[in-house]
Amino acid sequence: MKTFIRLLLILPFLAIAQESLYTTELSYGSHEKQKIDFYEGSSDKVLVWIHGGGWLFGDKRSERWIKRFQNHFVEHKNINVYMMSYRTGEDTAPNAVNDVICAYKKIVDDAALRNLSINDIVVAGASAGGHLALMVGFSDNYKHENSCDIPRMPKAVINLFGITDIEKNWIFLDDNKFFSASNYVKTWLPEGVDLKEISKNLSPINLISLNSPRVLTIHGTKDSWVPYDQAILLDRKLKDRHELLTIENGGHYSFSDDQDRIIRLKISEFLENNYND
């Protein structure tokens, strides 16, 4: 497992498509992964994108995550986009959570300096990035000495099949994966931690409050890495502040062309409603 992860970490990173090169790289800490890319749009609206990779690998300029973002966020050129990196790797929890919250604080400050609308910020992410987007959205209830206080919460969150309950996802992977090394949740958490206790602190489902933003969740019913039940848990807890787009027989980023079109339309509709209401 460790060799596999190291190989993934050294894969070459690719900048966003040439017609949309990043204009600024921001730092929010001293670590090489504590960086943000800013892509200027044609409006004053702001969208934050958080890549996935099981909290173990990935980068803001990884080709796979940029392509996935562009595939589903078809109007991204009209929006000011911030893409963040964060610390990844085995036994590193909760670094990723602390990082994205501090990165978001930096983004709010930077957006204000650019005269962008800090009242219209939507945070989005997929897989582990979906989990982290939710943690940013619910961060008013997250307490950790190495985290940051956010002066203004996001307007909304777009969660593409993100983990909502750490403990339940751990159990699902243990029960359904042939190789124990496939349990990326277990790999991310430090050895010897109390699973129930850390799940209380790192599961978005446990941090929801009356002030939590609206959320759009997109999840396939055949997802073998983040089970569809994770979306149902969030839907039941958030109630009327949650929209759930269920993709029948959809996997973990395994969608048909027709399903991709449905996802694009739903995301565009959600962004329009939350940017303009």
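- Checked options K35, E32, Q34; the residue passing with S27 is K35 (criterion: side-chain hydrogen bond (donor to acceptor under 3.5 Å, both in side chains)).
- For the pair A133 and G125, the tightest heavy-atom approach, listed with the atom from each and the gap, is CB-N, 3.9 Å.
- Remark: K106 NZ is loosely packed, at most 12 non-hydrogen atoms of other residues, nucleotides or ligands lying under 6.0 Å away.
- Hydrophobic clustering, with ILVMFWY side chains joined whenever heavy atoms are under 4.5 angstrom apart, groups L202 together with L233.
- Between the D99 side chain and the R87 main chain, a donor and an acceptor come within less than 3.5 Å of each other.
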If you apply the rule side-chain contact (heavy atoms from CB on, under 4.5 Å), what do you find for V157 with V136, and how did you get there? CA-CA 9 Å; V157 174; V136 172; over 6 Å; no
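- K186 NZ to L195 CG: the interatomic distance, rounded to the nearest 0.5 Å, is 9.5 Å.
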Should L234 and I208 be marked as a side-chain contact (heavy atoms from CB on, under 4.5 Å) after you check the CA-CA gap, both sets of side-chain angles, and the distance that decides it? CA-CA 9 Å; L234 192 63; I208 294 169; 3.9 Å; yes
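- Residues that satisfy the side-chain hydrogen bond (donor to acceptor under 3.5 Å, both in side chains) test with N95, not counting sequence neighbours, are absent from this structure.
- Within the 4.5 Å cutoff, side-chain heavy atoms of L271 are placed close to those of F73.
- In terms of hydrophobic clustering, with Ile, Leu, Val, Met, Phe, Trp and Tyr side chains grouped at heavy-atom distances under 4.5 Å, I262 and F255 are assigned to a common cluster.
- Evaluation of the ring-ring contact (aromatic ring centres under 6.0 Å, His included) rule for Y86 yields H51 as partners, not counting sequence neighbours.
- Of the inter-residue distances, the one linking L47 atom CG with I158 atom CD1 reads 6.5 Å to the nearest 0.5 angstrom.
- At a threshold of 4.5 Å between non-hydrogen side-chain atoms, the residues Y104 and L132 do not count as touching.
- With K237 contributing its side chain and I205 its backbone, the two residues share a donor-acceptor pair below 3.5 Å.
- The shortest non-hydrogen separation linking P154 to P213 is O-CB, 3.6 Å.
- When the side chain to side chain contact (heavy atoms under 4.5 Å, CB included) test is applied to K196, the partners found at least two apart in sequence or on another chain are E167, D194.
- Distance CG/D140 to OG/S212: 6.0 Å, rounded to 0.5 Å.
- S209 places a side-chain N or O within 3.5 Å of a backbone atom of N211 that can act as its donor or acceptor partner.
- Side-chain N/O atoms of Y228 and T246 include a donor and acceptor closer than 3.5 Å.
- Remark: N71 pairs with R264 by the side-chain hydrogen bond (donor to acceptor under 3.5 Å, both in side chains) rule, at least two apart or across chains.
- The side-chain heavy atoms of I166 and W188, taken from C-beta on, include a pair separated by under 4.5 Å.
- The aromatic rings of Y253 and H72 sit parallel, their planes meeting at an angle under 30°, below the 60° perpendicular limit.
- In this structure, a donor-acceptor pair under 3.5 Å is absent between the side chains of W49 and H76.
- Between H131 and W55, the ring planes are perpendicular. Angles over 60° get that label, and only those under 30° would be called parallel.
- In this structure, the side chains of R152 and N119 come closer than 4.5 Å at one or more pairs of heavy atoms.
- Between the side chain of H219 and the main chain of V226, a donor-acceptor pair closer than 3.5 Å is present.
- With E272 contributing its side chain and S268 its backbone, the two residues share no donor-acceptor pair below 3.5 Å.
- N169 is listed as a side-chain neighbour of P227, based on a closest heavy-atom distance under 4.5 Å.
- Between W225 and Y184 the shortest heavy-atom distance is O-OH, 2.9 Å.
- For the 3.5 Å distance criterion, the side chains of N80 and R114 fail to qualify, holding no donor opposite an acceptor.
- Atoms CG and CD1, from L245 and I218 in turn, are 5.5 Å apart once rounded to the nearest 0.5 Å.
- Residues P190 and A93 approach most closely at CG-O, 3.6 Å, considering heavy atoms.
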Side-chain donor-acceptor pairs under 3.5 Å in residues 144-151, sequence neighbours left out?
| unit_1 | atom_1 | unit_2 | atom_2 | d |
| --- | --- | --- | --- | --- |
| H144 | ND1 | N98 | ND2 | 3.3 |
| H144 | ND1 | N146 | N | 3.1 |

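- Considering only heavy atoms from C-beta on, V100 stays 4.5 Å or farther from V123 through its side chain.
- A salt bridge between K168 and D229 is absent, with no side-chain N of the basic residue lying under 4.0 Å from a carboxylate O of the acidic one.
- Linking ILVMFWY side-chain heavy atoms closer than 4.5 Å, directly or via other members, places I198 and L207 in a single hydrophobic cluster.
- Q259 contributes a side-chain N or O that, together with a main-chain N or O of E248, makes up a donor-acceptor pair within less than 3.5 Å.
- Listed here is the closest heavy atom pair of S224 and F172: O-CE2, 3.4 Å.
- Taking the side-chain hydrogen bond (donor to acceptor under 3.5 Å, both in side chains) definition, one finds that Y28 meets it with nothing, sequence neighbours left out.
- A salt bridge links E25 and K60; the closest N-O separation between the charged side-chain nitrogens and carboxylate oxygens is under 4.0 Å.
- Once rounded to the nearest 0.5 Å, the distance linking CG of L116 with CD1 of I79 reads 12.0 Å.
- When hydrophobic clusters are built by joining Ile, Leu, Val, Met, Phe, Trp and Tyr residues whose side-chain heavy atoms come closer than 4.5 Å, directly or via intermediates, V74 is not grouped with M83.
- Tracing side-chain contacts under 4.5 Å through hydrophobic residues (I, L, V, M, F, W, Y), one never reaches L265 starting from F69; they form parts of separate clusters.
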I'd like to know whether L189 forms a side-chain contact (heavy atoms from CB on, under 4.5 Å) with W170, so could you lay out the CA-CA distance, the side-chain angles of the two residues, the decisive distance to 0.1 Å, and finally the verdict. CA-CA 10 Å; L189 299 179; W170 169 311; 3.6 Å; yes
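- Here N141 contributes atom CG and N201 contributes atom CG; the two are 11.0 Å apart, rounded to the nearest 0.5 Å.
- A heavy-atom distance below 4.5 Å is found between the side chains of S139 and M153.
- At a threshold of 4.0 Å, the pair D257-R261 does not count as salt-bridged, since none of the basic side-chain nitrogens sits closer than that to a carboxylate oxygen.
- At least one donor-acceptor pair under 3.5 Å links the side chain of K155 to the backbone N or O of N274.
- The minimum heavy-atom distance linking S199 with D165 is given by the pair OG-OD1, 3.7 Å.
- With 3.5 Å as the limit, one finds a donor-acceptor pair spanning the side chains of T217 and N159.
- Looking at S127 and H252, their side chains come closer than 4.5 Å, going by heavy atoms from C-beta outward.
- The main-chain N or O of I163 is never found under 3.5 Å from a side-chain atom of Q230 such that the two would form a donor-acceptor pair.
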